[in-house]
Each structure stands twice: as structure tokens, then as C-alpha cells.
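We number each residue from 1, following the sequence as shown. Note that this is a predicted model, so its numbers are computed, not measured.
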Amino acid sequence: MVSERISSVETIDVRFPTSRHRDGSDAMNPFPDYSAAYLVLRTSAGAEGHGLVFTVGRGTDLQVAAVQALAPMVVGQRVDELVADPGSLARRLVGDSQIRWLGPEKGVVHMAAGGLVNAVWDLAARRAEKPLWKLLADLTPEQLVAQVDFRYLRDALTEDEAVTLLRTAEGGRAERERRLRAEGYPAYTTTPGWLGYDDEKLARLCREAVEDGYRLIKLKVGGNLTDDVRRMGIARQVVGPDIQIAVDANQIWGVPEAIRWMRELAQFDPYWIEEPTSPDDVLGHGAVRKALAPVKVATGEHVHNAVMFKQLLQADAVDVVQIDACRVAGVNENLAVLLLAAKFGVPVCPHAGGVGLCELVQHLALFDFVALSGSTEGRAIEYVDHLHEHFVDPVRVSGGRYLAPDAPGMSARILPDSLARYRYPDGPAWADAEVLAGAPTS
């Protein structure tokens, strides 16, 4: 019998003109066009696995090219072997000596590896007829640990320690899964807080967020201090003292400026400051955390790899770990980060929004609750109400909580009509010359 193999990898540059209404705008990214390098693995038997790498406009063509550069390492592979052990593929993709030189383990090539790895996990979950979170939660501790590359992590977390963490969490798994299906998982929303929104829209969306059941909202800061003080005052007045307000600087500050700026905003009781400085500056995050306590420091959406997360945790530089489904090399490396966070006792609040990030990362958080951390205390998944209508299996949020997905896969599949309309640069949505030119970049 001829075995089923990966027959092709299709890649599509898909972009949405969100800059026109400044959806997604922040201090570092004032006019983003939410985009994705979208990929489809096809097998000789007609099955598919879907993945994507989130981007914000220009440069998506580079991300597509990076996926295409790695695709020959996937095409021709036996499907049974891939879905049984995605970790082996992840190590091959990340470890290719010539392409690795362009990172190593960071940037466009690392994210491309993650897109392919995630597509394999999507294929695996579809074959198992399970949502990805359930597929992961049903694996044994030994199977999960085998998916993680511990080469650079053993000084902080060993394989035996990881197995122990997962074994300790086995008690109560069934009850947590029941609770998850019945109650969902906490969400927080960034929908009100984009920097390009006017004061009236900010106030209205804050009010609606509270009415929708959110107990934590997030505002973008860092453009202008006077504006930030005014906007924080509006938000605090609208939501009252009992709703938490997190703020996100998107890396716009140096360390002294972050401390100085946040001391001015402390009067509004911010819950955390996210990405206060360069995502690479481990010691800088530690200095900000020490200076601003009890305000928490959160980061992770631009942290390149598990090694940097390890260092942030070892240096006591972060209070909230924010994983991203597309920044590191896919599910396997995110498993490593979840295990590190569990070892150090730091809560994980995933970064989401964008194109498909809510859809993808929910699976990792739900797995973490059922099979690893066993807790939602101090945890929530980011939610932004953009672009979900373009997905076959969009996230479902009700009463400020993510409802557990039950469709097989990783929820990454984009509707064919949306792919055709927003394909760049020849899709109908980009046919207008004014739209194609894009919004201002500064």
C-alpha cells in the first residue's frame, strides 16, 4: 500500500486594510494592515492542514518566501510519521544549518518554521477528529515532553521536571475539562484601546466591554503622555474602580522613559505594563519591574524563542508571560514556554488579536488549564473583535469568556472567499489604487 504523504504546500499573502480605520493602531504601529502568510499542507489522500504567520502589512511577501524556502523539507514526508511526532519536524526546520544562519531561532525564518509546524498539528488534530487543545491534553506527559527541544533549557527545566509538572496536574483533569466546556476560559479585551481611536469611541467601547462581561481591558499607550493621562482618566471613569486596566507600550520606550511615563499613569491603578521596552532587553524588563511594583510587567508577543523566556523568568523580570501562536516555532516551542512558566509559577496570558491569533492561541491556553497549570487565576486570553468572520471556525466569546472550540483542528482555516478577496496584491479588496497605496506610515 502506498503511504499518504505531503504532496504540496500552498502559500498565500493575504492582507486586510485595517489601517483605514486605525484598527490595531499603537505607539509603534500607527497604521497596521493586519495580514498573514497563510499556508495549506495538502496530502496525497486529499487531506489538509492549515497554518498562518501573522504580520502587519509590508513584509508579508518576505514571510511567504520564508515558508516557501522551508516547504521542501515537508513535501514528500509520510503523514503518519509527521502527525505522530511533529517535534521531529520542528527540530529539522529550526535546525537546518543554512537557513538557521538567518536567525538563528528568531525572526522571519523561525516564524516560518512555526507556521509549518502549526499546520502539521492542525492536520494531526483533524485526523484525530479533535480540537487541538483536546488532542494535546490527551497526550501522556512523556509524549508531551518528547515534543520539546530541551537543549538550551536544561539549566532551568529538565525533562524529568517537566514530566513531574504534567504528572502532578493529572489529578482533576477530567473535572477541569468539564468546567472548561461548561464555563469557558477568561478573556480580556483590547478592542477599546487602540491608540488611533478618539475619546468618544474609547469611552463607548470601554462601556460596552464592561457590559459584555470583561473584567480586564487594555489600552495602548506611549504616543503622547498628556493624551495617555487623558485617555486613562476617561477609561477609569467609565469602567469604575473594580475593572482592571492593563496598558501596552509596544516597545516604544527606553528603560528610564518607561519608568518615568508609568509613574505618571500610576494614579489610574494600571494592572500591568506590557512591552515597556525592547523585547530583547531582559535586564531592562527587570529594572522596570523593580521600579514600578506593584504594577506588573508583561511581555512575550515579540520574544523570539524559549531561551529568552527562560532568561526573563530566571531574572525575575516578568510577572505575566504572554505567548504568541506565531512568533516562536509553533506549538512545540510554545509547549516549552508553558512548561517554563509552570516551573517558575508565573501565569500565562496569551497575546492574540491580529489575523487568526485568537483562533490559534486559545488551544494552547485551554491545554495549559486542563493538563498543566490547572488554574485560571490571574490568567486570561486577549480578545480583539477583528476579522473573525473570515475563519471557518472562528472563536466564540460570551460573557467575557472564550468558549472551548469543538471543531477538529487548530481553527486556522480561512474561508476561500476571504482568501480570494484579500489576496495581495491582486484580490478585489486591493484593486483600488488608493487602498493599494496604503495609509501613512508615520
Qualifying residue for side-chain hydrogen bond (donor to acceptor under 3.5 Å, both in side chains) with His110, from Glu105, Glu333, Arg100: Glu333
Ring-face cation contact, Tyr424 with Arg15, 6.0 Å cut, 45° max: yes
Check: Val247 and Lys218 side chains under 4.5 Å, non-hydrogen atoms: no
Worked verdict on His386 versus Phe16 for ring pair (Phe, Tyr, Trp, His ring centres under 6.0 Å): CA-CA 10 Å; His386 299 159; Phe16 300 89; over 10 Å; no
Heavy-atom donor-acceptor pair, Tyr402 side chain to Glu382 backbone, under 3.5 Å: yes
Non-hydrogen side-chain atoms of Thr277 and His285 separated by less than 4.5 Å: yes
Expected output: side-chain Glu10 to main-chain Leu39 donor-acceptor under 3.5 Å: no
Tyr188/Trp272 under ring pair (Phe, Tyr, Trp, His ring centres under 6.0 Å): CA gap, chis, key distance, verdict: CA-CA 13 Å; Tyr188 78 88; Trp272 77 52; 5.3 Å; yes
Arg231 side-chain N/O to Gly193 backbone N/O, donor-acceptor pair under 3.5 Å: yes
Side-chain heavy atoms of Arg327 within contact of Val303, under 4.5 Å: no
Side-chain heavy atoms of Pro241 within contact of Asp269, under 4.5 Å: no
Side chain to side chain, Ile217 and Val210, heavy atoms closer than 4.5 Å: no
Ring center gap for Tyr383 and His388 short of 6.0 angstrom: yes
Over 12 foreign heavy atoms within 6.0 Å of NZ, Lys290: no
Donor-acceptor under 3.5 Å (Ser35 side chain, Arg58 main chain): no
Check: Gly196 main-chain N/O paired with Arg22 side-chain donor or acceptor under 3.5 Å: no
His50 side chain to Tyr38 side chain, donor-acceptor N/O pair below 3.5 angstrom: yes
Any donor-acceptor N or O pair under 3.5 Å, side chains Asp368, Ser373: yes
Neighbour count >12 (heavy atoms, 6.0 Å) for atom CG, Leu225: yes
Side chain to side chain contact (heavy atoms under 4.5 Å, CB included) between Asp324 and Phe54, worked out: CA-CA 10 Å; Asp324 182 282; Phe54 172 60; 5.6 Å; no
side-chain contact (heavy atoms from CB on, under 4.5 Å) partner of Lys220, chosen from Ile252, Leu195, Asn29: Leu195
Close side-chain approach of Glu359 to Arg413, heavy-atom, < 4.5 Å: no
Over-ring placement of Arg401 relative to Tyr185, 6.0 Å and 45° cut-offs: no
Neighbour count >12 (heavy atoms, 6.0 Å) for atom CD, Glu389: yes
Close side-chain approach of Lys343 to Glu161, heavy-atom, < 4.5 Å: yes
Glu377, CD: over 12 other non-hydrogen atoms inside 6.0 angstrom: no
Heavy atoms of other groups near Glu208 CD, more than 12 under 6.0 Å: yes
Side-chain touch Leu166/Thr164, heavy atoms, less than 4.5 angstrom: no
